[in-house]
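First up is the structure itself, then whatever we jot down about it.
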Amino acid sequence: MKTQIGIIGAGPAGLTLALLLQKQGINAVILENRSREYVEARVRAGLLEQNTVDLFDELNVSERLHKEGLAHHGMYLSFDGVRHYVPYTKLTKGRATTIYGQQEVVKDLIKACIERGIPIHFETTATAIDGMETSSPTIQFTQNGENQSLTCDFVAACDGYHGIGRKHLPKDSYNEYRIEYPFSWLGILAYAPPSCDELIYSYHENGFALLSLRSPTVSRLYLQVDNGDKIENWSDTAIWDELEKRLHTEGWNLQRGEIFEKGITPMRSFMIDKMQHGRLFLAGDAAHIVPPTGAKGLNLAVADVKILAKGFASYFKKKNIQLLDNYTKTCLKRVWRVQDFSNFMTYLMHKQAPHGSFEYHLQKAKFDYIQYSKAQAMTIAENYVGLKAI
Ligand SMILES: Cc1cc2nc3c(=O)[nH]c(=O)nc-3n(C[C@H](O)[C@H](O)[C@H](O)COP(=O)(O)OP(=O)(O)OC[C@H]3O[C@@H](n4cnc5c(N)ncnc54)[C@H](O)[C@@H]3O)c2cc1C
């Protein structure tokens, strides 16, 4: 098999990249480890920044998103039961976010790829990348138990944190940065109407809680738990009781419903400072992970491939390699900004120190500052909806 861009991974990064390339008349082939059913059912992120929605509009893949997605214009930040509204659309001159599950995004992108003739090979595992320093790198893969290869002009590893792309970068060619947070998120999906029209991020002396939603009938909620905690330790009633306690504010009620999915995810910040080597380019979770407090993972993945697609177009149309040479440098501006914001939100809202301690008061002072400083509220708002400039 031969193509111009060999893409490993049919997540948001790989699929969006293929569609961007197709628009420019550049051929790509996607290799995806899992089945179509599996990737279309994988529940993960759910909040799209304005930039992401704008890009999906440009790609003409947003019809269902606009029909079924829920536009949000602000969020509640709560500390010890005191809730403060951050009207981010008002603070950012009209920019908003949209609630639309990652699995729905993936379904729309796969459908568009197939309709537009982009080959996606599901249940196909990339096993090695050869010849990255030559002009025709090759992806080795297995399909139906057979070893095969895909020769390309460039390889885009959009294969997530556990993929093979990053492992093919020379060990001494990059620095790695990592924070493992001392807490995890217990997340549930429940058939319950949203108890609030906007998201609620809440600090409580028992730990953080987040109320979010996926649709008018499905709520997504999270609790901060200790690392090592087990989902078996939490009955459905215990989860709802704890959510009620941590999200409580005067005169407000939490709507309960049947929990149909629950799991515990560790919180981590991770990145490398070189996202390319020779003709291999990394995008999305393959190169960086952010804690979900800033709701940035999917958005960052899509932002990377927008830059990468521009680089490939410039190379194939103008024989200009400069944008590709600068790929890492251009991406890192946004990655570092997003890492900082996600880390800021994580430390702002999670319980890390005993209630009433010096550290607790510093944390509360940061929260209070948002309430009386428009500048601080605006800083949070513009980061949350996604900066336009980078
Ligand atoms: C459990 C979980 C919950 C999350 N929750 C949130 C959230 O609430 N909010 C938020 O903003 N973000 C969340 N994220 C992060 C967000 O989902 C990711 O940032 C986003 O999926 C990144 O997209 P991607 O395309 O880079 O990677 P992925 O979506 O991981 O896609 C990579 C693809 O590559 C495939 N692949 C891997 N190895 C190979 C191989 N060798 N050969 C072929 N294919 C391969 C994988 O099967 C996968 O389909 C969550 C992530 C996880 C794991």
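Both backbone and side-chain heavy atoms feed into the values below; hydrogens, waters and symmetry mates do not. Whatever order the structure lists ligands and atoms in, that order sets their numbers, starting from 1. Keep in mind that this is a model prediction, so the values were computed, not measured.
- Of all protein heavy atoms, the one closest to atom 19 (O) of ligand 1 is Asp285 OD1, 2.7 Å.
- One hydrophobic cluster, built from ILVMFWY side chains closer than 4.5 Å, cannot hold both Val82 and Trp252; they sit in different ones.
- Taking the six-membered ring where tryptophan is involved, the planes of Phe312 and Phe316 are tilted, since the angle between them lies from 30° to 60°.
- A heavy-atom separation below 4.0 Å is not found between Asp304 and ligand 1.
- Nearest protein neighbour of atom 37 (C) of ligand 1, counting heavy atoms only, is Asp159 O, 3.1 Å.
- In the hydrophobic clustering of ILVMFWY residues, with side-chain heavy atoms under 4.5 Å counting as a link, Leu387 and Val290 come out apart.
- Under the 4.5 Å side-chain heavy-atom criterion for ILVMFWY residues, a single connected hydrophobic cluster contains both Ile321 and Leu308.
- Residues Tyr222 and Leu211 have side chains not in contact (no heavy-atom distance under 4.5 Å, counting atoms from C-beta outward).
- With respect to atom 8 (O) of ligand 1, the closest heavy atom belonging to the protein is Tyr222 OH, 3.2 Å.
- When the options Gln102, Gln103, Arg44, Lys296 are ranked by their closest heavy atom to atom 50 (C) of ligand 1, first place goes to Arg44.
- At the top of the distance list for atom 41 (N) of ligand 1, counting protein heavy atoms only, stands Ala126 O, 3.1 Å.
- The ligand atoms of ligand 1 that sit less than 4.0 angstrom from a heavy atom of Arg34 are 47 (O).
- For Thr124, every heavy-atom contact with ligand 1 shorter than 4.0 Å involves the backbone, none the side chain.
- The distance from ligand 1 to the heavy atoms of Leu31 drops below 4.0 Å at these ligand atoms: 43 (C), 44 (N).
- Below 4.0 Å from some heavy atom of Ala295 lie the following atoms of ligand 1, by number and element: 11 (O).
- Under the 4.0 Å criterion applied to side-chain N and carboxylate O atoms, Asp241 and Arg256 are assigned as salt-bridge partners.
- Of the charged side-chain nitrogens involved, none lies within less than 4.0 Å of a carboxylate oxygen, so that Asp159 and Arg166 do not count as a salt-bridged pair.
- In terms of modelled atom types and a separation under 3.5 Å, the side chain of Lys167 and the main chain of Gly163 share a donor-acceptor contact.
- Look at Arg42 and you'll find a heavy atom under 4.0 Å from some atom of ligand 1.
- Between Phe341 and Trp336, the ring center distance fails the sub-6.0 Å criterion.
- Per-residue contacts place Glu32 under 4.0 angstrom from the following atoms of ligand 1 (heavy atoms of the residue considered): 33 (C), 34 (O), 35 (C), 43 (C), 44 (N), 46 (C), 47 (O), 48 (C), 49 (O).
- Inclusion of Thr125 in the set of residues having an N or O under 3.5 Å from an N or O of ligand 1 is not warranted.
- Scanning the protein heavy atoms around atom 23 (O) of ligand 1, the nearest turns out to be Pro12 CD, 3.5 Å.
- In summary, the atoms of ligand 1 found under 4.0 Å from a heavy atom of Cys158, numbered by their order in the structure, are 32 (C), 33 (C), 34 (O).
- Between His73 and Tyr88, the distance from one ring center to the other does not fall under 6.0 angstrom.
- Protein heavy atom at the shortest distance from atom 43 (C) of ligand 1 is Asn33 N, 3.2 Å.
- Interface of Gly297 with ligand 1, defined as ligand atoms under 4.0 Å from a residue heavy atom, comprises 11 (O), 19 (O).
- When the heavy atoms of Gly9, Gly101, Ala45 are ranked by distance to atom 13 (C) of ligand 1, first place goes to Ala45.
- Nearest to atom 25 (O) of ligand 1 among the protein's heavy atoms is Ala13 N, 2.9 Å.
- Taking CG of Leu31 as the reference point, atom CD1 of Ile7 lies at 9.0 Å (rounded to 0.5 Å).
- Looking at Gly163 next to ligand 1, no N or O pair under 3.5 Å apart turns up.
- Nearest non-hydrogen protein atom to atom 31 (O) of ligand 1 is Gly11 CA, 3.5 Å.
- Listed by atom number, the atoms of ligand 1 under 4.0 Å from Gly284 heavy atoms are 26 (O).
- Using a 4.5 Å cut-off between side-chain heavy atoms of Ile, Leu, Val, Met, Phe, Trp and Tyr, with links allowed through other members, Trp185 and Ile289 fall into different hydrophobic clusters.
- Counting non-hydrogen atoms of other residues, nucleotides and ligands closer than 6.0 Å to CZ of Phe358 gives a total of 12 or fewer.
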